[in-house]
Undergrad: 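Starting off with a structure, shown below.
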There are 2 protein chains.
Amino acid sequence: MTYAKTGWTALADPTRRTIFERLVERPCSVSELASALPVSRPAVSQHLKVLKDAGLVADTPSGKHRIYRVDPAGLAALRTELDQFWSKTLAAYKLAVEQPPEEQ
Amino acid sequence: MTYAKTGWTALADPTRRTIFERLVERPCSVSELASALPVSRPAVSQHLKVLKDAGLVADTPSGKHRIYRVDPAGLAALRTELDQFWSKTLAAYKLAVEQPPEEQ
DNA sequence: GCGACGCGTAAGTATATCCTTACGCGTCAG
DNA sequence: CTGACGCGTAAGGATATACTTACGCGTCGC
């Protein structure tokens with residue numbers, strides 16, 4: 001079942017995460033990304049499509065090139081989700097601390 | 001299993017993310033998790049193993065049962081990584097705003 | 001116009017992933 | 001001790017994923 005990809009799925013693949021980390025540093029074109037990776041250029045294109053579908057990157061045509069950059073909105077969405085995990089986990093721990101003398 | 005699993009890979013699968021979200025709410029046993037999911041109990045065990053290898057959950061034998069709970073350390077590591085993405089993205093944007101003129 | 005460059009997409013293939021059933025080990029009730 | 005329960009793991013199969021090469025389209029320099 002190939003449902004809509006979420007940011008988690010998009011960042012799961014190591015190659016895709018490497019691409020994303022590079023775009024976090026600065027915007028980049030496809031061939032520039034591919035030249036720094038051990039995979040072919042079309043593979044990079046396919047990864048960028050996944051990242052774009054997940055809302056994590058955006059592209060801007062610039063003449064012959066196409067510049068990809070991180071989309072802050074998608075990244076913020078992931079951050080929000082993770083923060084909810086975090087606060088809920090802390091809340092559960094606070095409740096659990098009532099009984100054992102576990103402390104950090 | 002090509003490489004060592006990271007938290008991103010662990011949370012990529014929808015079923016696994018559902019399990020994790022449930023553990024975020026409160027600790028749970030394997031069969032309790034399985035009864036609330038459309039997959040078999042062994043499948044849940046395998047997912048929990050992945051989450052455990054990624055450092056996202058921890059297990060505690062409790063008599064006949066085995067209680068799984070979220071490991072705050074692993075979650076914090078993911079949060080840190082994501083925060084770095086975020087701050088770097090913001091920094092890149094700040095630079096782009098301050099120095100908009102680009103060579104052509 | 002014409003060729004080169006950059007990029008996206010299609011088609012095909014190898015591998016990884018997720019799920020299932022079957023089975024073995026430890027724990028608790030009787 | 002014996003049987004039932006909870007769980008992990010092995011083995012196998014169906015699907016998804018990531019990569020490759022081949023090709024088509026738009027843009028730029030000559």
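Chain A is the first sequence line, chain B the second, and so forth, proteins listed ahead of strands; every chain is numbered from 1. Since the structure is predicted, the reported quantities are computational estimates derived from the model, not experimental observations.
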Undergrad: Does a side-chain N or O of T15(B) approach OP1 or OP2 of dC19(C) to a distance below 4.0 Å, or not?
TA: yes
Undergrad: Using a heavy-atom cut-off of under 4.0 Å over every strand shown, decide if P61(A) touches base, sugar-phosphate, or nothing.
TA: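 P61(A): no heavy atom of the nucleic acid under 4.0 Å.
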Undergrad: Assess whether a salt bridge exists between D59(A) and R66(A), defined as any Lys/Arg side-chain N lying under 4.0 Å from an Asp/Glu carboxylate O.
TA: yes
Undergrad: Send over the distance from D53(A) CG to dA18(D) P, rounded to a whole Å.
TA: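 Rounded to the whole Å, the gap is 13 Å.
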Undergrad: Angle class for the W8(A)/W8(B) ring planes (parallel below 30°, perpendicular above 60°, tilted otherwise)?
TA: tilted
Undergrad: For the pair T60(A) and R69(A), evaluate side-chain contact (heavy atoms from CB on, under 4.5 Å) and give the outcome as yes or no after the intermediate values.
TA: CA-CA 8 Å; T60(A) 307; R69(A) 55 182 167 74; 3.7 Å; yes
Undergrad: Establish, with yes or no, whether the OP1 or OP2 oxygen of dC5(C) is under 4.0 angstrom from a side-chain nitrogen or oxygen of S31(A).
TA: no
Undergrad: Within the modelled atom types, does a donor on one side and an acceptor on the other bring the side chain of Q46(A) and the base of dT20(D) under 3.5 Å apart?
TA: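 Answer is yes: a donor-acceptor pair is held.
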Undergrad: What is the distance, to the nearest angstrom, from the CH2 atom on W8(B) to the P atom on dT17(D)?
TA: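 It works out to 18 Å between those atoms.
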Undergrad: Taking only N and O in the side chain of Y68(A), is any of them less than 4.0 Å away from OP1 or OP2 of dG6(C)?
TA: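 Indeed not, no polar side-chain atom of Y68(A) lies that close.
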Undergrad: Check this for me: does the side-chain of R66(A) come within 3.5 Å of the base of dG26(D) through a donor and an acceptor?
TA: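 In this structure, the two groups form no donor-acceptor pair.
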Undergrad: Pick the closest DNA chain D nucleotide for R16(A) and for K64(A) by heavy atoms, then say which residue is nearer the 5' end.
TA: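 Final value for this comparison: R16(A).
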Undergrad: For L48(A) and dC19(D), give me the distance from atom CG to atom P, rounded to whole Å.
TA: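 Value for this atom pair: 12 Å.
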Undergrad: Roughly, in whole Å, what's the span from CG in D59(B) to P in dG26(C)?
TA: 17 Å
Undergrad: If Ile, Leu, Val, Met, Phe, Trp and Tyr residues are connected whenever their side-chain heavy atoms lie under 4.5 Å apart, and connections chain through other members, are W86(B) and L78(A) in the same group?
TA: yes
Undergrad: Is the phosphate of dC7(D), meaning OP1 or OP2, less than 4.0 Å from a side-chain N or O of S45(B)?
TA: no
Undergrad: Rounded to whole angstrom units, what separation is found between the CG atom of D13(B) and the P atom of dA16(D)?
TA: 12 Å
Undergrad: Indicate whether OP1 or OP2 belonging to dC7(D) is found under 4.0 Å from a side-chain N or O atom of K49(B).
TA: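 Checking K49(B) against dC7(D): no side-chain N or O falls below 4.0 Å of OP1 or OP2.
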Undergrad: Just the rounded figure in Å: distance from P of dA18(D) to CG of L11(A).
TA: 12 Å
Undergrad: May I ask you to say whether R41(A) pairs ionically with E32(A), meaning some side-chain N is under 4.0 Å from a carboxylate O?
TA: no
Undergrad: Measure from the side chain of A43(B), starting at C-beta and using heavy atoms only, and say which of dC19(C), dG6(D), dT17(D) lies closest.
TA: dC19(C)
Undergrad: Could you give the CG-to-C1' distance, from L37(B) to dT20(C), as a whole number of Å?
TA: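 Nearest whole value for this atom pair: 15 Å.
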Undergrad: If you find the nucleotide of DNA chain D closest to I67(B) and the one closest to V50(A), which residue's nucleotide is nearer the 5' end?
TA: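 It is I67(B), whose closest nucleotide lies nearer the 5' terminus.
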Undergrad: Tell me the interatomic distance from H47(B), atom NE2, to dT9(D), atom P, rounded to whole angstroms.
TA: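 One finds 15 Å between P of dT9(D) and NE2 of H47(B), rounded.
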